[in-house]
There are 2 protein chains.
Amino acid sequence: MLAGMSRRPLTTPRKHASQERSRATVDALVEATARLLVREGFDKASTNRIAQEAGVSVGSLYQYYPSKEALVAAVIDRHNGELMQVVRAALVEVASLPIEKALRRLVATAIDAHRVDPKLHRVLAEQIPRTGRLEKIATFNREYFVLFRDFLESHRGELRAVDLELATFVCVTSIEALTHTAVLHRSEMLSDERAATLVDEATRLMVRYLR
Amino acid sequence: MLAGMSRRPLTTPRKHASQERSRATVDALVEATARLLVREGFDKASTNRIAQEAGVSVGSLYQYYPSKEALVAAVIDRHNGELMQVVRAALVEVASLPIEKALRRLVATAIDAHRVDPKLHRVLAEQIPRTGRLEKIATFNREYFVLFRDFLESHRGELRAVDLELATFVCVTSIEALTHTAVLHRSEMLSDERAATLVDEATRLMVRYLR
DNA sequence: GAAATTTGCGAGCGATCGCTCGTATTGTCT
DNA sequence: AGACAATACGAGCGATCGCTCGCAAATTTC
């Protein structure tokens, strides 16, 4: 009878807070988790430490999140939300542009997106075990994938004959890798003039591939 | 006198085994680590479990490796060695080919390389914290980078005017991301005919970018 | 074959982990 | 005001972690 409603570990919140007080607790927990992830890394971010950092007891933590993974998942969701907001806006803004200008803008946006909260982004990208309960990270890429395919489809006139799925895969994967690596591992590439040439190159890569 | 030669956590082996018996122990440990990483993942691969899996005592483990990270680093080194062997061979073999054929071959090789021990490769790529003591993973990419730059340099005649460093960055990052993602997350892309078209597309991406 | 060295062993230490549960506090409703 | 629910607390459980250390066995050296 005691909590027998799920047979495997949860990554979803336990109950949603109804009073204002508890909503503050939940927020504090998520924020504390993000701070700790950045400051100490995934491994050292234990539930006890998270609760302490949030100024909340462990007991309260477990009232709302069944596990550390659930908490991290919440952080991921929030971060992905911010990223997608930036990306979605750019894709809308760009829908009517000729493909070259559009792609240039999208590349620049991808770089910007990686700069939203780079330290957190880096931890999420590099320290979160992507197997087991936390494959949630892939969510972002999947949504980006769909949006980008629609973008390509609406510009089909400017494209050579090509499998849209495949072209999307190639473009999304390449752009993501290039911008991610540049921002997080080659920050020297982003010093004003050099940033512009990087965008030029990435744009050229896409444009000449697509047509 | 007792092992006071380093002031921070080691990832290098402690002493090198002189007798044959101990060399067998070391091998068993590294192999057990690899098996356990694949079967259980990085987190569950504790030193106690590794020793057990190797049929060896924890004490013996710590005679040769000062930490779990050191052991994992040994596994990484071995795996990287195998990959580099494949890649180096291809780069030599390809040196005198025209750039399109060369690139096609290199892309195919990159896919093969990811197939050497895919399960291990996946764990190493996705579960090993890349900050702290274990940034060793980057070693492979750095060596690949240098070799690929030399390759481009020797084909300069077939290239447009371009910053070689930058072009290398773009190519290596893209190829790595495409092949890695295809092999480890989109295995359906590699079913005979589809594999060929993937290679076609990646090759086209590179060739049209470079000239 | 005795002494010295290398190698192997594993119980068990202190620390930390995820997590529960009985209790105290705060808020809501009538 | 009193009753009841929601929220917060934190000591402390059992498990596991990384790792040490004293001792036994195997091997080399003399």
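Bear in mind the structure is a predicted one, so any value in this text is a computation, not a measurement. To find a chain, count down the sequence lines: A is the first, B the second, and so on, and within it residues start at 1.
- If you measure from atom CD1 of B/Ile50 to atom P of D/dC17, you get 10 Å, rounded to the nearest angstrom.
- For the pair A/Glu40 and A/Arg35, the salt-bridge criterion is not met [side-chain N within less than 4.0 Å of a carboxylate O].
- Considering only side-chain N and O atoms, A/Ser57 lies nowhere under 4.0 angstrom from the phosphate OP1 or OP2 of D/dA8.
- Going from atom CG of A/Asn48 over to atom P of D/dC9 covers 14 Å, rounded to whole Å.
- Classified by interplanar angle (parallel below 30°, tilted 30° to 60°, perpendicular above 60°), the ring pair B/His121/B/His180 is tilted.
- Contact between the side-chain N/O atoms of B/Tyr65 and the OP1/OP2 oxygens of D/dC19 is not found at any separation under 4.0 Å.
- Comparing D/dG18, C/dG8, C/dC19 against the side chain of B/Tyr64 picks out C/dG8 as the nearest.
- Separating the CD atom of A/Gln63 from the C1' atom of C/dG18 is a distance of 16 Å, rounded to the nearest angstrom.
- Of the residues near DNA chain C, B/Ala24 and A/Ala45, the one whose nearest nucleotide (by heavy atom distance) lies more toward the 5' end is B/Ala24.
- Going from atom CD of B/Gln52 over to atom C1' of C/dA11 covers 15 Å, rounded to whole Å.
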- prompt: salt bridge (charged side-chain N to carboxylate O under 4.0 Å, His left out) between A/Arg78 and A/Glu31: does it pass, once the steps are laid out?
  reply: CA-CA 10 Å; A/Arg78 212 175 58 165; A/Glu31 249 155 55; 3.6 Å; yes

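- Atom pair B/Asp43:CG and D/dG18:P shows a separation of 10 Å (rounding to whole Å applied).
- Here D/dC17 presents its P atom at 9 Å from NZ of B/Lys44, a figure rounded to the nearest Å.
- Side-chain contact annotation: B/His185 with B/Glu126, donor-acceptor N/O pair under 3.5 Å present.
- Straight-line distance from the CZ atom of A/Arg23 to the C1' atom of D/dA6: 13 Å, rounded to whole Å.
- Rounded to a whole Å, the CZ atom of B/Phe42 is 12 Å from the P atom of D/dC17.
- Checking the phosphate oxygens (OP1, OP2) of C/dG18, a side-chain nitrogen or oxygen of A/Thr47 falls inside 4.0 Å.
- The CG atom of A/Leu198 sits 12.5 Å away from the CD atom of A/Glu193 when rounded to the nearest 0.5 Å.
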field: Summary of protein contacts for nucleotides 21-28 of chain D, nucleotide by nucleotide, where a base hit scores B, a sugar-phosphate-only hit scores S (4.0 Å, heavy atoms)
entry: -----SSS

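- Annotation: A/Phe151 is in aromatic contact with A/Phe148 [ring centroid separation under 6.0 Å].
- A salt bridge does not link A/Arg194 with A/Glu201: none of the charged nitrogens is closer than 4.0 Å to a carboxylate oxygen.
- Comparing D/dC9, D/dG18, C/dG18 by their closest approach to the side chain of B/Lys68 singles out D/dG18.
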